[in-house]
Amino acid sequence: MLLLILILVAVLIGLVVYVLKKDQQRRHIAMAEQEQILPRVSLQATDPVQSKIVELPIAQSITAQQDELNRDELNCDELNWKERCKIFRNKKQFQQALAAAQEAWPQWQSYEQTAITLRSMIKELESSEKEKMDTLLHTLYRKASEASFFYDRAVGQTTPRWQTIAQTTTKHDLEKLSFAWQSLGYRELKLLTATDVKNMIKLWGEPDHHLSARSLADTYQH
């Protein structure tokens with residue numbers, strides 16, 4: 001009886017080993033099939049004419065998508081004037097950048113972004129373009145003087161809201177004011193940088209006086 005039991009156990013063990021071996025062989029075959037390298041797909045069309053026909057619409061599609069992105073970037077309603085000004089300036093579209101900054105006039109930031117744009121324009125000039133340099137520096141000085149006229153206040157005085165300025169002043173009114181370099185100088189004009197001043201002195205020399213543009217308030221008439 002014991003011998004019969006031992007024989008049955010041996011047979012069962014043999015069957016289990018056989019089944020496991022077959023399963024292992026099946027797994028190896030499946031893994032080998034999965035690891036086979038697929039043939040490389042050629043990206044070159046066999047017919048040159050057909051290749052051009054396929055590639056042209058793709059190139060046109062990419063260009064159209066890029067143009068659409070550019071339009072969305074500049075015309076999106078979510079972009080405010082300051083963001084559009086920066087985008088134009090980065091693209092070296094300086095006139096558009098200046099126009100965007102003017103949308104926010106007479107805010108201080110409008111003058112600030114205008115000054116930054118004018119400096120970018122100056123950096124693009126060649127050293128021989130002194131006439132253009134002079135024109136841009138005069139414009140920059142004018143904008144810094146206007147900003148000083150509107151926003152510089154003595155200690156204890158309240159800085160006006162830009163909405164109030166817009167209601168009481170027009171750009172035509174500003175044209176009546178003469179912001180002369182020799183009279184105002186540069187020390188009281190907060191919008192000017194050290195580089196701005198250096199360039200201006202190089203072209204115009206040292207001024208006779210240094211005053212705040214607010215000193216012209218008494219002579220200003222609406």
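Everything numeric here is computed off the predicted structure, so don't read it as measured data.
- Atom CG of N199 is separated from atom CD1 of I122 by 6.5 Å, given to the nearest 0.5 angstrom.
- Here the side chains of R84 and E103 are in contact, with some heavy-atom distance below 4.5 Å.
- Contact annotation: the side chain of T169 never approaches that of P106 to less than 4.5 Å [non-hydrogen atoms, C-beta and beyond].
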Can you list the steps and then say if H209 with E188 is a side chain to side chain contact (heavy atoms under 4.5 Å, CB included)? CA-CA 10 Å; H209 306 283; E188 300 297 327; over 6 Å; no
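- Remark: Q96 CD to I87 CD1 distance equals 12.5 Å, nearest 0.5 Å.
- Remark: the Y151 side chain and the Q107 side chain contain no N/O donor-acceptor pair separated by less than 3.5 Å.
- Shown here for Q182 and E206, the closest heavy-atom pair between the two residues is OE1-O, 3.7 Å.
- Linking ILVMFWY side-chain heavy atoms closer than 4.5 Å, directly or via other members, places W108 and I116 in two distinct hydrophobic clusters.
- Across H210 and G185, no two heavy atoms sit closer than the pair ND1-CA, 3.6 Å.
- Distance alone, capped at 3.5 Å, is enough to place a donor-acceptor pair between the E83 side chain and the N80 backbone.
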Go through I201 and W181 one step at a time and tell me if the side chain to side chain contact (heavy atoms under 4.5 Å, CB included) criterion holds. CA-CA 10 Å; I201 292 175; W181 167 260; 4.0 Å; yes
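- Between L192 and Y141, some side-chain heavy-atom pair lies under the 4.5 Å cut-off.
- Inter-residue side-chain proximity for L125 and L136 is flagged as met; some heavy-atom pair is nearer than 4.5 Å.
- No hydrogens or angles considered: a donor-acceptor pair under 3.5 Å links the side chains of K171 and Q102.
- Remark: D134 engages H138, L203, W204 in a side chain to side chain contact (heavy atoms under 4.5 Å, CB included) (not counting sequence neighbours).
- For the pair K190 and E112, the minimum side-chain heavy-atom distance is 4.5 Å or more.
- With rounding to the nearest 0.5 angstrom, the NZ atom of K198 is 12.0 Å from the CG atom of D196.
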Run the side chain to side chain contact (heavy atoms under 4.5 Å, CB included) check on M133 and L137 step by step: do they pass? CA-CA 6 Å; M133 171 76 78; L137 286 175; 3.9 Å; yes
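- No side-chain heavy atom of E146 sits under 4.5 Å from any side-chain heavy atom of L177.
- Between L184 and A213, the shortest heavy-atom contact is CD2-CA, 4.0 Å.
- When the shell of 6.0 Å around CD of E126 is examined, it contains 12 or fewer heavy atoms from other residues, nucleotides or ligands.
- The salt bridge (Lys or Arg N to Asp or Glu O under 4.0 Å) test with E124 is passed by exactly one of R119, K92, K132: K92.
- Linking ILVMFWY side-chain heavy atoms closer than 4.5 Å, directly or via other members, places Y111 and W81 in two distinct hydrophobic clusters.
- Side chain of D173 to main chain of T170: a donor-acceptor pair is present (N/O by atom type, distance under 3.5 Å, no hydrogens or angles).
- With a 4.5 Å cut-off on side-chain heavy atoms, L211 and S183 do not count as touching.
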Given S148 and L191, is the side chain to side chain contact (heavy atoms under 4.5 Å, CB included) satisfied, shown in steps? CA-CA 8 Å; S148 172; L191 205 60; over 6 Å; no
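- Between S145 and L189, the shortest heavy-atom contact is OG-CD1, 3.7 Å.
- Taking the six-membered ring where tryptophan is involved, the planes of F150 and W105 are perpendicular, since the angle between them exceeds 60° and thus also 30°.
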